[in-house]
Number of protein chains: 2
Amino acid sequence: MEVGRTETGGGESLLFLTDEQLRKGIEAMYFAYRAFTADPDRILETHEYGRAHHRAIHFINRQSGLTVNMLLIMLGVTKQSLNRVLRTLVEDGLVEARIGRRDKRERNLYLTEKGAALERELSDAQRARMRAAYRAAGPAAVAGFRQVLEAMMDPEIRRHYQAMKDGAA
Amino acid sequence: MEVGRTETGGGESLLFLTDEQLRKGIEAMYFAYRAFTADPDRILETHEYGRAHHRAIHFINRQSGLTVNMLLIMLGVTKQSLNRVLRTLVEDGLVEARIGRRDKRERNLYLTEKGAALERELSDAQRARMRAAYRAAGPAAVAGFRQVLEAMMDPEIRRHYQAMKDGAA
DNA sequence: TTGGAAAGTCAACAAGGCTGACATAAAATC
DNA sequence: GATTTTATGTCAGCCTTGTTGACTTTCCAA
């Protein structure tokens, strides 16, 4: 609590670590996250889906063929909770669950064309806001934005986040 | 969608606006927000409260004496939803709702000592994570972090966010 | 004095978390 | 080959926190 009100020997200001600065950061996270989810939420309403469906669709699109267990780890929810969501997506023909080749206990998840279409609609909207914010803030700010967010994540999740590469399984 | 893959005439790279960069930003927001709420959530559990109580307590602490209507705007929920939360906080003696001096229809909200104690416990935990992230990323990154988050907010909320000054009503 | 704003309340409902218990198939191990 | 572990699915019930709609009370201001 008494941290950040002095200068280091090296002369680098620590004023950015005052409680007031931290509180502004906390509020910024809260308000920005609300805006961040608002656009997809509006779209989801018209499709009779919720935020949980969006998350599942996002990660299945991101890493086509990932297993239920992997998705569970990414989302950090119980299998019962995920299953409810996943079942409706499969029933509605947005997601296909194929039995694993090597390990037949596993289910590999894929978006159907219909699922991919909804994913595009959702991520277009979300990216539009993110792009506007990025453009307004500029590349240096964006780099800092990403650095702070990464530092805030739980370490295990951060590893998954950093490992996630382009599209393919 | 085809944006960001070229360079401007001025030579400034727009590679930070590619869909892949935007997607990483989206995922970073999601994962970081989850970590951001995890610590307070654990504390709230032991007190039989939820995230909604935390938010109310946060803003009442931040702007002591604010009205129910103002709190409604900050939180972006319905009065019925807020009322349920606020009622338990008043009943449990964490919040005091005083009738407005000028306008007696209004209720000005204040934290009691007990309420302030819980607020401190919650925000200490939340600040600890934020401080660690700030320290790891450094002041320049923090400035960028705040810039991008502000640019992402809805304009009306951003005005409130920027207007909110230190403590007093 | 009356219209409308601020606040409170009741009821009903939905999404999406949770726990616990149990079933099945397949893989892994003894 | 028998047993245990793992991955998945499913049923039932609970909680928090959001929603809508209807209605009341209080009280400022035109």
Side-chain angles (χ1 to χ4, degrees), chain A residues 30 33-34 37-38 40-60 65-92 95-110, chain B residues 30 33-34 37-38 40-60 65-92 95-110:
Chain A
Y30 170 61
Y33 192 80
R34 230 169 63 189
T37 54
D41 281 356
R42 264 189 297 274
I43 293 167
L44 286 158
E45 251 178 46
T46 75
H47 292 264
E48 310 262 74
Y49 290 125
R51 218 174 269 184
H53 300 87
H54 182 189
R55 290 175 191 146
I57 287 173
H58 173 93
F59 285 110
I60 295 171
L66 91 173
T67 62
V68 172
N69 216 22
M70 196 57 212
L71 186 51
L72 237 29
I73 291 169
M74 301 308 295
L75 296 176
V77 297
T78 60
K79 65 171 179 171
Q80 293 93 328
S81 202
L82 174 58
N83 197 254
R84 183 168 36 198
V85 164
L86 221 41
R87 190 170 33 189
T88 71
L89 291 174
V90 170
E91 279 170 4
D92 296 355
V95 167
E96 198 187 342
R98 294 186 210 144
I99 292 175
R101 288 174 297 107
R102 294 167 316 193
D103 189 330
K104 292 177 185 166
R105 289 170 306 182
E106 295 183 341
R107 298 284 181 279
N108 296 108
L109 303 170
Y110 301 88
Chain B
Y30 170 62
Y33 192 79
R34 231 169 63 189
T37 55
D41 280 357
R42 265 189 296 275
I43 293 168
L44 287 158
E45 250 177 47
T46 76
H47 291 264
E48 310 262 71
Y49 290 123
R51 219 176 268 185
H53 300 88
H54 183 189
R55 289 175 191 145
I57 287 173
H58 173 95
F59 286 111
I60 295 170
L66 90 174
T67 63
V68 172
N69 214 26
M70 197 57 212
L71 187 51
L72 237 27
I73 291 169
M74 301 307 296
L75 296 177
V77 297
T78 60
K79 65 172 178 173
Q80 293 92 330
S81 200
L82 174 59
N83 198 255
R84 185 168 33 198
V85 164
L86 223 39
R87 191 172 28 189
T88 71
L89 290 174
V90 170
E91 280 169 4
D92 296 352
V95 167
E96 197 186 345
R98 294 188 208 144
I99 292 175
R101 287 174 300 109
R102 292 167 317 194
D103 187 333
K104 291 179 186 167
R105 288 168 306 179
E106 294 182 343
R107 298 286 181 278
N108 295 107
L109 303 170
Y110 301 88

Worksheet item: Do A:Leu86 and A:Ile60 come close enough that some side-chain heavy atom pair is under 4.5 Å?
Response: yes
Worksheet entry | Check: A:Asp92 and A:Tyr49 side chains under 4.5 Å, non-hydrogen atoms | yes
Discussion item. Does the plane of the ring in B:His54 sit parallel, tilted or perpendicular to the ring in B:His58? Use 30° and 60° as the thresholds.
Written reply: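 Perpendicular, since the angle between the ring planes exceeds 60°.
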Can you tell me how far [atom2] of [Y] sits from [atom1] of [X], rounded to the nearest 0.5 angstrom?
X: B:Ile73; Y: B:Leu71; atom1: CD1; atom2: CG; value: 9.5 Å
X: B:Arg42; Y: B:His47; atom1: CZ; atom2: NE2; value: 13.5 Å
X: B:Thr67; Y: B:Arg105; atom1: OG1; atom2: CZ; value: 11.5 Å

Roughly how many Å is it from [atom1] in [X] to [atom2] in [N], rounded to a whole number?
X: A:Lys79; N: C:dG20; atom1: NZ; atom2: C1'; value: 11 Å
X: A:Glu45; N: C:dC13; atom1: CD; atom2: P; value: 19 Å
X: B:Arg101; N: D:dC27; atom1: CZ; atom2: C1'; value: 17 Å
X: B:His54; N: D:dT17; atom1: NE2; atom2: P; value: 12 Å
X: A:Glu91; N: D:dG9; atom1: CD; atom2: P; value: 12 Å

[options]: which one has an atom nearest the side-chain heavy atoms of [X]?
X: B:Asp103; options: D:dT8, D:dC28, C:dA26; value: D:dC28
X: A:Arg55; options: D:dT8, C:dG17, C:dA7; value: C:dG17
X: A:Thr78; options: D:dT17, D:dC27, C:dC18; value: C:dC18
X: A:Asn69; options: D:dG9, D:dA7, C:dG16; value: D:dA7
X: A:Arg105; options: D:dT5, C:dA7, D:dT17; value: D:dT5
X: B:Glu106; options: C:dA26, C:dA6, D:dT17; value: C:dA6

Worksheet item: Counting heavy atoms not belonging to B:Glu91, are there more than 12 under 6.0 Å from its CD?
Response: yes
Discussion item. What I want to check is whether an N or O donor and acceptor connect the side chain of A:Gln80 with the base of C:dG16 at under 3.5 Å.
Written reply: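 No pair found.
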Discussion item. Between A:Glu48 and A:Lys104, which residue's closest nucleotide on DNA chain C lies nearer the 5′ terminus?
Written reply: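 First, find each residue's nearest nucleotide; the 5'-ward one identifies A:Glu48.
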Worksheet, complete the sentence: Numerically ordered, the residues 82-90 of chain A set in heavy-atom contact under 4.0 Å with DNA chain D is A:Asn83, A:Arg87
